Undergrad: 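A single structure is presented below for examination.
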2 protein chains.
Amino acid sequence: MRVVQPGSRDASVVDVAAAAGVSLGTVSNVLNRPDRVSPATRAKVQAAMLELGFVRNESARQLRAGQSRVIGYVMLDVSNPFFTDVARGIDRATADSDLSLFLCNTDNDPRREAAYLRNLQQQRVQGILLTPVDASSALLDEIARHTPLVIVDRTRDDDSFCSAAADDVAGGRLAVEHLVDQGHRRIAFVGGPTAIGQVRDRHQGALEACRDAGLGEDALVTITTPGLTFADGREAGERLAGLPSRNRPTAAFCANDLVALGLLQHVTQAGQRVPEDLAIVGFDDIDFAAAAAVPLTSVRQPRTSLGRAAAELLLDEATNPAHRHQQITFTPDLVARRSTQS
Amino acid sequence: MRVVQPGSRDASVVDVAAAAGVSLGTVSNVLNRPDRVSPATRAKVQAAMLELGFVRNESARQLRAGQSRVIGYVMLDVSNPFFTDVARGIDRATADSDLSLFLCNTDNDPRREAAYLRNLQQQRVQGILLTPVDASSALLDEIARHTPLVIVDRTRDDDSFCSAAADDVAGGRLAVEHLVDQGHRRIAFVGGPTAIGQVRDRHQGALEACRDAGLGEDALVTITTPGLTFADGREAGERLAGLPSRNRPTAAFCANDLVALGLLQHVTQAGQRVPEDLAIVGFDDIDFAAAAAVPLTSVRQPRTSLGRAAAELLLDEATNPAHRHQQITFTPDLVARRSTQS
DNA sequence: GTGACGCACTGAATCGTTTCACCCCGTCGC
DNA sequence: GCGACGGGGTGAAACGATTCAGTGCGTCAC
């Protein structure tokens, strides 16, 4: 049952003031500088608030203050543990700053991303952390004209933004170098869509590793998926199995762990062995990677550190007038597990 | 580089009006009812907006409108795929209502939960979806006095709230009945903290199943964990292994899949076999359950349907004056996999 | 006794948007 | 030629919290 009947409005400071027999300025003081109000008056005001069910109107506060006490993290995929671990890192860095963190899931959709960015900006949030679908989008510049914006898990080539990211090209290299070390000469790259920068970079690293290893251009078989989910990985397994056995890859490097785990599941369910029939490397090293049917070799990114670093950059940008943009890059490393070692 | 210099303020409708040589009412019309403005004037105004980098101030809009176009989902644990799948369901139900969904992670902490609830309420959001730490908390009533609030994945005994939830007691029964069917007579319940209602109910169901099966009260060995994460599951494995072999359980029912997967990992790494040495049942049936080292038997909840149903209840409560509270309960079912069947 | 001081409290002005009563003027029907 | 109509535009008022220049008054030092 709503206390407020349809038609009546919520109690405002004016209503509280009237009920308590004081001026609205005093009510505001009780709210913001309780020490400046005598205990007796304070008690009266608080009683009135309780009775009227007074709820501060944040919109009005913000309008006056010009800013809200919120930061947003706009991310590609909440269902991917990698991003929620990044969010954890952000959360920690933010914990003692009395800011609230709101999470926004874009699901790789640029339109959803744009809507969230605009929304947050119009709310005059303190700042935005963003893992963008496309880091080169002009929208980012537009938003950053007014709102501190830090790019997470990606970078711009120029130094127009703060960012905290892992070196995806290096990660891709690492993965494929490892597979080549294990004797593989024909390797699948599984991931997509190519609109996503991480996918492009990891693919790029894989290509470079092939080239450096002296393998032909067709050593890397690219299997493009519509997304980077578990289901996409399974479906990629289907396609991989459909290749003529003559030039079927003996190893797969997946653009992230979700895809790798999906692929792994499909392969083992089809009665094949990992790594004997197909070696698999993932990317991110989420917790589930180590717990998989066959523990998954993966390129580890420092997930929470990444979030933490990004949040610290954002706080600096939002509060420090002498702020200078900074690009922090983490170097990933490879965690070798059974999925690549027989 | 911020366009707005320190000291200068963002452009407002008044500034735009001045720049375009029209009244502020016309600017507002361009924003909200573009058809009522002649094309020539509209163009002039839009040009002025572009030039000044005008960004609508959502606080001011909301203050006037009395409401924001946002709903929040306050959840126990973003890192748990179960909850992100619920969020997906909410998202879908919400998609065609021009509302934005903000996700808030409480990490099982009542203080964080309270902070988020108050924050959302003060923002005058359209409504709040909540998976509470403690559904009986009086705070929920206080919030619901002003803001539509739907409980997700929990229920109140009374009908003071809308809710969409699975029957956790039935789920707990299902799990343990299955284990008893498989011949187990000594079963561990792994989960915690007991402050979490889901944990209590699932435990309750497990107890009932033991009783109904004619097993003694000590057939169920309760191992309380500090949380419901992967790491908690591993650590519970440690404790389970430490029990004297005489009365060590032959099966474990875990309060959720994360714990079950952690336990599974610990057990297999310790060189024991699942299910031969220890059978394991999880709860939620997240995607990773089926992909685990040993595919995990789990109690399935309709995750996205749950989110969708909750969101629909919320929308109804927020918009339909004739709204009546409703408790929707889904009945879970058991998905038997290798972790319980040798 | 007087002036200075400071505590407690007051209330008008402000933030930026939306709404709505109102105005202006060209067009149309008769 | 006149009144009615309506498209296009205007700007004051309102939303609710905060701020800040004041007011009133009791206390204290000299």
Side-chain angles (χ1 to χ4, degrees), chain A residues 4 7-46 48-49 52-69 118-119 121-125 146-147, chain B residues 4 7-46 48-49 52-69 118-119 121-125 146-147:
Chain A
V4 181
S8 79
R9 359 175 291 305
D10 288 4
S12 74
V13 277
V14 176
D15 302 323
V16 172
V22 299
S23 82
L24 90 183
T26 299
V27 176
S28 180
N29 280 333
V30 170
L31 250 18
N32 302 298
R33 297 173 221 76
D35 50 305
R36 296 218 192 142
V37 181
S38 76
T41 311
R42 203 189 310 153
K44 260 195 312 184
V45 172
Q46 279 162 345
M49 285 181 176
L52 296 179
F54 171 75
V55 175
R56 234 177 180 163
N57 185 322
E58 191 63 26
S59 305
R61 296 189 75 189
Q62 280 175 30
L63 174 57
R64 190 78 232 276
Q67 279 219 320
S68 77
R69 303 299 301 166
R118 293 234 162 77
N119 198 322
Q121 174 171 52
Q122 292 178 359
Q123 310 241 9
R124 298 289 194 271
V125 296
H146 302 271
T147 310
Chain B
V4 181
S8 80
R9 3 175 288 304
D10 288 4
S12 75
V13 277
V14 177
D15 302 323
V16 173
V22 299
S23 81
L24 91 184
T26 300
V27 176
S28 180
N29 280 334
V30 170
L31 251 17
N32 302 299
R33 298 174 220 76
D35 50 305
R36 296 217 192 143
V37 181
S38 76
T41 311
R42 203 189 309 152
K44 261 195 310 184
V45 171
Q46 279 161 344
M49 286 181 176
L52 297 178
F54 172 75
V55 175
R56 234 178 181 165
N57 185 323
E58 190 63 25
S59 306
R61 296 190 72 190
Q62 280 175 31
L63 173 57
R64 190 76 232 276
Q67 278 219 324
S68 76
R69 303 298 300 167
R118 293 234 163 77
N119 198 321
Q121 174 172 52
Q122 293 179 0
Q123 309 242 9
R124 299 289 194 272
V125 296
H146 302 271
T147 309

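Order of the sequence lines sets the chain letters (A, B, ...), proteins ahead of strands, with each chain counted from 1. Here the structure is a predicted model, which is why all the values come from computation and not from measurement. Reckoned from all heavy atoms, side chains included, excluding hydrogens, waters and symmetry mates.
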Undergrad: Applying side chain to side chain donor-acceptor pair (under 3.5 Å), can you list everything that pairs with B:Asn119, at least two apart in sequence or on another chain?
TA: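 Applying side chain to side chain donor-acceptor pair (under 3.5 Å) to B:Asn119 gives A:Ser100, B:Gln123.
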
Undergrad: Name all residues meeting the side chain to side chain contact (heavy atoms under 4.5 Å, CB included) criterion together with B:Val13; count only those two or more places apart in sequence or in a different chain, and write none if there are none.
TA: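 Partners of B:Val13 by the side chain to side chain contact (heavy atoms under 4.5 Å, CB included) criterion, ordered by chain and then number, come out as B:Val27, B:Leu31, B:Phe54.
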
Undergrad: Tell me every residue that passes side chain to side chain contact (heavy atoms under 4.5 Å, CB included) with B:Gln46, counting only those two or more places apart in sequence or in another chain.
TA: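 Side chain to side chain contact (heavy atoms under 4.5 Å, CB included) check on B:Gln46 returns B:Val30, B:Arg42.
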
Undergrad: State which residues pass salt bridge (Lys or Arg N to Asp or Glu O under 4.0 Å) with A:Arg64; sequence neighbours excluded, sorted by chain then number.
TA: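 If we apply the salt bridge (Lys or Arg N to Asp or Glu O under 4.0 Å) test to A:Arg64, skipping adjacent residues, there are no hits.
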
Undergrad: Within the 4.0 Å limit for protein heavy atoms, which parts of nucleotides 8-19 of chain D are touched? Write it as a string from 5' to 3', B for base, S for sugar-phosphate only, - for none.
TA: -SBBB-BBBBBB

Undergrad: Run the side chain to side chain contact (heavy atoms under 4.5 Å, CB included) test against B:Asp15 and tell me which residues pass, sequence neighbours left out.
TA: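 With neighbours one apart ignored, the set is B:Arg9, B:Ala11, B:Ser12, B:Leu52.
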
